[in-house]
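A short worksheet on the structure shown next.
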Amino acid sequence: MAGRRAGGAAPSGETMTTIRTAELRYDPRELDRKWQERWAQDGAYRVRDDDPRPKWYELTMYPYPSGDLHIGHWYAMAPADAHARFMRMKGYNVLHPMGFDAFGLPAENAAIRRGIHPYTWTMSNIQNMRRQLRSMGAIYDWNREIICCLPEYYRWNQWFFLKLYQAGLAYRAKAPANWCPSCQTVLANEQVKEGRCERCDTPVTRRDLEQWFLRITRYADELLDFSLFMDWPEKIKTMQANWIGRSEGVEISFDISSHRLEEKEIRTFTTRIDTIHGVTFMVLAPEHPLVARLTTPEHRAEVDAYVEEARRQTEVERLSTEREKHGVFTGAYAINHLNGEPVPIWVADYVILSYGTGAVMGVPAHDQRDFEFAKRHGLPIRVVIAPPGWDGSEMGQAYEGREGTQVNSGPFDGLSAQRGYQAIADRIEERGWGGRMVSYRMRDWLISRQRYWGTPIPIIYCPRCGTVPVPEEQLPVLLPEDAEFKPTGESPLKRHQGFYHTTCPQCGAQAHRETDTMDTFVDSSWYFLRFTSPHYSDGPFHPELGAQWCPVDQYTGGAEHAVMHLLYARFFIKALRDLGIVSFGEPFLRLFNQGTIIASGAKMSKSRGNVITPDTYAQALGADVVRAYLMFLGPWDGGGDWSDAGINGMARWVNRIWDLVHTDPAELEGTTQDPEAARRLLGPTHRTIKRAVTDLERFKFNTALARLMEFTNELQRVWQERAVGPDAWRDAIRTLLLLLAPVTPHLAEELWEHIGGPYSIHNQPLPSWDEELAKEEEITLVVQVNGRVRDKLTVPADIGEEEATRLALGSPRVQALLNGREVVRAVYVPGRLVNVVVK
RNA sequence: GGGGAAGUGUCGGAAUUGGCAGACGAGCAUGACUUAGGAUCAUGUGCCGAUAAGGCGUAGGAGUUCGAGUCUCCUCUUCCCCA
């Protein structure tokens, strides 16, 4: 899914600019090749299901095969791989698979523009990307690769769809949908950003279409419960909660029976039923079905024109805050049950049908948008909640607070707004005018796409039997290979005679197939299950293996999927749980969102010409240097700015490591007689293990690497001073390589071989540290006078308060400053400082 | 308009619970080696000051505290999400 927007282009060679890089001690291409071949040959990273070690499922969002591996892919995948390798060395049986999110629009657009079949385009891109991914040196077990556009995968999308359909969780309905005129398809609400298509940025318009939906709203409350999993970023949880948008309120009907229509009432939802007596108008969305029928003959022309205009507008224009709230009167009135008043019914485009009921009660005194609308159209403004201290004068804007007293509210006058709310809600329920209810902002998940390159929805329409699901044994419904690709706004499947025409599975009559295909987020809602048994053919996944590996222990990927993939997958798993297909309710226990990598301060794009291709750098400096540099840039969740100069620092460090490992420990023979000398490296070594391990654990790659650099600096000093014996030196080097192994796997393996370590370094356990040895023996005691640093003393780490204070006061620099002034007290912070407070 | 996150040298960024600001790296400077340097090694590098003493310094302003990058309030800026 990473790089989803970057689709469209075939591999290109034009980015092979000459980069100026440091020279390495070794031939990085040869070294990468040597070990990648060896690992592949040995099946070193083949994941075994029967491994007795505890399992660890670490998944990174699989990419869309756009054609070329972008540095952004490496940024998402290399640190994830390092963490997975780290967990492997910690003793887990690690599943860290890779696959391709292979359905989607770019392939079909390529077909339209250049006449290449989406299958051909996609598969050749995958081939290229697979090669590039291999060059990264990850522990992906390629025997587990999955490709969603192949029937062996998508037939299970269809199978799940049928299960959901049977359970009433998939349904078809006519609804005004978001339409992207450029992509020629409808979009789910989640795919519309600020009224524009998430993919191509084209303003979205509205279309009424028959669409398939998945009933995600049934799980709204459960999706708000994040207590089942522990470790998700607060930001994502908040975004999901906001997206779901639960609000408690009251549904209330307004009486329109005098209009002698089939409908006797208009239903509307409000969170402020306490303001019901302040309703001076109602507003319907232009798409509201009642608009046409309610409008009186003398207003018809005006209303029709207005509705037509609103229809042509994009959501961006309609929701713009700068725009004046304006609308037209239908000539019709509705009765407010609470006070029997007739209120005029207006049509205005600031109300949108897909949000709420498409009808809003206008309370200008207590809602700012209604206030502006009333001002513009000369509608009355009636205060019904008196703000504390209000003197009865006219208001310059709406009072939206919940503090206040009911006024102009008939029998409810004098109650506080809070009590008024409850009393009015009670009254409404007693009289049957409506009742308390919970409303959600989230709508059901629209999965229909009017495109070819997706999973066909397994439904048949029969003139006699109606909507008939394709029987399970007839799956998969295959995509025909010979479709015509033209941007028409209808699925190419509709014009494919062989696909379109079929017979009814129930009665055998002439029937036709559903021609919409599924949103690709259906594929990614369960792909992690498929990785556990990718070749299983009796079901979407092997039930035992699914249970053994899932849920995913650690998921990593971009935050842009917060209210799409990450929410859909949670829903999907809950639905599967209720269908008895899985036994857990959350797909991803821990989530980490990496940031975005940019180049020269700007987002990488072809048009800017600042696209960084990892291949170029991997060839010049090897995969390890690129991996390590990406991890060193800064905190992983912060993203980073790629710089050619910066990567040279990494190359230098790698060279220093190479030189340190290629020293001959024999040269240290007899250099020191001091038995204490062996200890010279023990403290630094154990401190390094401790810090590097705890940092790697928490994805703090940048500081983990800084620790390792400090360690190599220390090793260099020790070597130059010939300060330790050969055994201590060998131990330190061994530790360094083991800690390096997850980050720079090829180099670590090569150097491990050089020092005679048993193949493979990646099967060795991570070194552990001894808390006692990691402790500093001496510390720098900071001496402050009135909070300002005046001296620093080197003292034993276990120094007590008395001794520390005595030393601090005795310091000549402190004495000079005291100069007869009175010492009020001395604050001692163990192991850190003494602050002498003087007057 | 609402909500959230953030603002630290020339740059990327470090900094348990409030306790040495600037780790580590880049860049830059000086020197060494060298036919050469885009290699390597050494040293220096927050600002003012003289190479000293000393002072200032984590967007700006106030506050709490023995002590604030960290906590509180206000202002400004940037980014993200929602409208």
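Labels below follow one simple rule: chain letters A, B, ... track the order of the sequence lines, proteins then strands, and each chain is numbered from 1.
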Aromatic contact, Trp346(A) with Phe373(A) (centres under 6.0 Å): yes
Counting only side-chain N and O atoms of Lys700(A), is one of them less than 4.0 Å from OP1 or OP2 of rA15(B)? yes
Sticking with atom C1', work out how far rC82(B) lies from rG22(B), rounded to a whole angstrom. 37 Å
Roughly how many Å is it from CD in Glu710(A) to P in rA15(B), rounded to a whole number? 12 Å
Euclidean distance for P, rA52(B) against rG46(B) (whole angstrom): 12 Å
Could you let me know what rC11(B) is paired to, Watson-Crick or G-U wobble, both distances under 3.5 Å, or none if it's on its own? rG25(B)
Between Asn786(A) and Arg25(A), who's closer to the 5' end of RNA chain B by nearest nucleotide? Arg25(A)
Checking all strands, does Val837(A) fall into the base, sugar-phosphate, or nothing category for heavy-atom contacts under 4.0 angstrom? sugar-phosphate
Say you pick atom P in rC24(B) and the same atom in rC79(B); how far apart are they, in whole Å? 33 Å
Taking the P atom of each, how far is rG31(B) from rG37(B), in whole Å? 13 Å
Just confirming the chi classification of rG25(B), syn or anti, using 90° around 0 as the syn window. anti
Under 3.5 Å for both donor-acceptor distances, Watson-Crick or wobble: does rC20(B) have a partner, and if so which one? none
Ring centres of His565(A) and Tyr555(A) under 6.0 Å apart? yes
Would you say rA23(B) has OP1 or OP2 under 4.0 Å from some side-chain N or O of Asn702(A)? no
Name the pairing partner of rU35(B), where a pair is Watson-Crick or G-U wobble with both distances under 3.5 Å, or state none. none
Contact class for Asn242(A) (heavy atom, under 4.0 Å): base, sugar-phosphate, or nothing? nothing
Lys/Arg N to Asp/Glu carboxylate O, Arg272(A) vs Glu400(A), below 4.0 Å: no
Taking pairing as Watson-Crick or G-U wobble with both contacts under 3.5 Å, can you name the mate of rU77(B), or confirm there isn't one? rA6(B)
Walking RNA chain B from its 5' end, the first of Asp659(A) and Arg825(A) to be reached, judged by nearest nucleotide, is Asp659(A)
Span that lies between the P atom of rU40(B) and that of rU51(B), in whole angstrom: 31 Å
Mate of rU65(B) where both pairing distances stay under 3.5 Å, Watson-Crick or G-U: none
Do the side-chain N or O atoms of Arg813(A) get closer than 4.0 angstrom to the phosphate oxygens (OP1, OP2) of rA53(B)? no
Let me have the donor-acceptor pairs involving side chains of residues 805-815 of chain A, under 3.5 Å, with sequence neighbours excluded, atom names and distances please.
from      : atom 1 : to        : atom 2 : distance (Å)
Thr805(A) : OG1    : Glu801(A) : O      : 2.6
Arg806(A) : NE     : Glu803(A) : OE1    : 3.2
Arg806(A) : NH2    : Glu803(A) : OE1    : 3.4
Arg806(A) : NH2    : Glu803(A) : OE2    : 3.1
Ser811(A) : OG     : Asp791(A) : OD2    : 2.7
Ser811(A) : OG     : Arg813(A) : N      : 3.3
Ser811(A) : OG     : Val814(A) : N      : 3.4
Arg813(A) : NE     : Arg790(A) : O      : 2.8
Arg813(A) : NH2    : Arg790(A) : O      : 2.6
Gln815(A) : NE2    : Leu809(A) : O      : 2.7

Base, sugar-phosphate or nothing for Glu234(A)? Non-hydrogen atoms, less than 4.0 Å. nothing
Watson-Crick/G-U partner (both atom distances under 3.5 Å) of rC56(B): rG46(B)
With heavy atoms under 4.0 Å as the rule, sort Gly649(A) into base, sugar-phosphate or nothing. sugar-phosphate
What is the distance from CD of Gln720(A) to P of rU40(B), rounded to the nearest Å? 15 Å
Atom CG of Asn713(A) and atom C1' of rC24(B) are separated, to the nearest Å, by 8 Å
How would you label the contact of Val789(A) with the nucleic acid (heavy atoms, under 4.0 Å): base, sugar-phosphate, or nothing? sugar-phosphate
Report yes if at least one side-chain N or O of Arg691(A) is closer than 4.0 Å to OP1 or OP2 of rA14(B); otherwise report no. no
Judged by modelled atom types alone, do Asn713(A) and Arg656(A) share a side-chain donor-acceptor pair under 3.5 Å? yes
Would you tell me if any nitrogen or oxygen in the side chain of Arg652(A) comes within less than 4.0 Å of OP1 or OP2 on rU40(B)? yes
Taking only side-chain nitrogens and oxygens of Arg788(A), does any of them come within less than 4.0 Å of OP1 or OP2 of rG67(B)? no
How close or far is atom P of rA5(B) from atom CD1 of Ile236(A), stated in whole angstroms? 14 Å
Salt bridge or not between Glu710(A) and Arg707(A)? Use side-chain N to carboxylate O under 4.0 Å. yes
Can you identify which nucleotide, out of rC24(B), rG19(B), rG55(B), has its nearest atom closest to the Arg790(A) side chain? rG55(B)
Please tell me which of the listed nucleotides, rG67(B), rC20(B), rC24(B), lies nearest to the side chain of Phe632(A)? rC24(B)
With sugar-phosphate meaning primed atoms plus P, OP1 and OP2, does Thr238(A) contact a base, only sugar-phosphate, or nothing at under 4.0 Å between heavy atoms? nothing
Atom C1', compared across rU10(B) and rG54(B): separation rounded to whole Å: 26 Å
Give one of base, sugar-phosphate or nothing for Leu833(A), where a contact means two heavy atoms less than 4.0 Å apart. base
P-based separation of rG18(B) from rA6(B) [nearest Å]: 16 Å
How far does the C1' atom of rC56(B) sit from the matching atom of rG49(B), given to the nearest Å? 11 Å
Could you tell me if Trp719(A) and Thr663(A) have a donor-acceptor pair between their side chains, going purely by distance under 3.5 Å? no
Given rC66(B), rC82(B), rA15(B), the nucleotide with the shortest approach to the side chain of Val827(A): rC66(B)
Do other residues, nucleotides or ligands put more than 12 heavy atoms under 6.0 Å from Glu802(A) CD? no
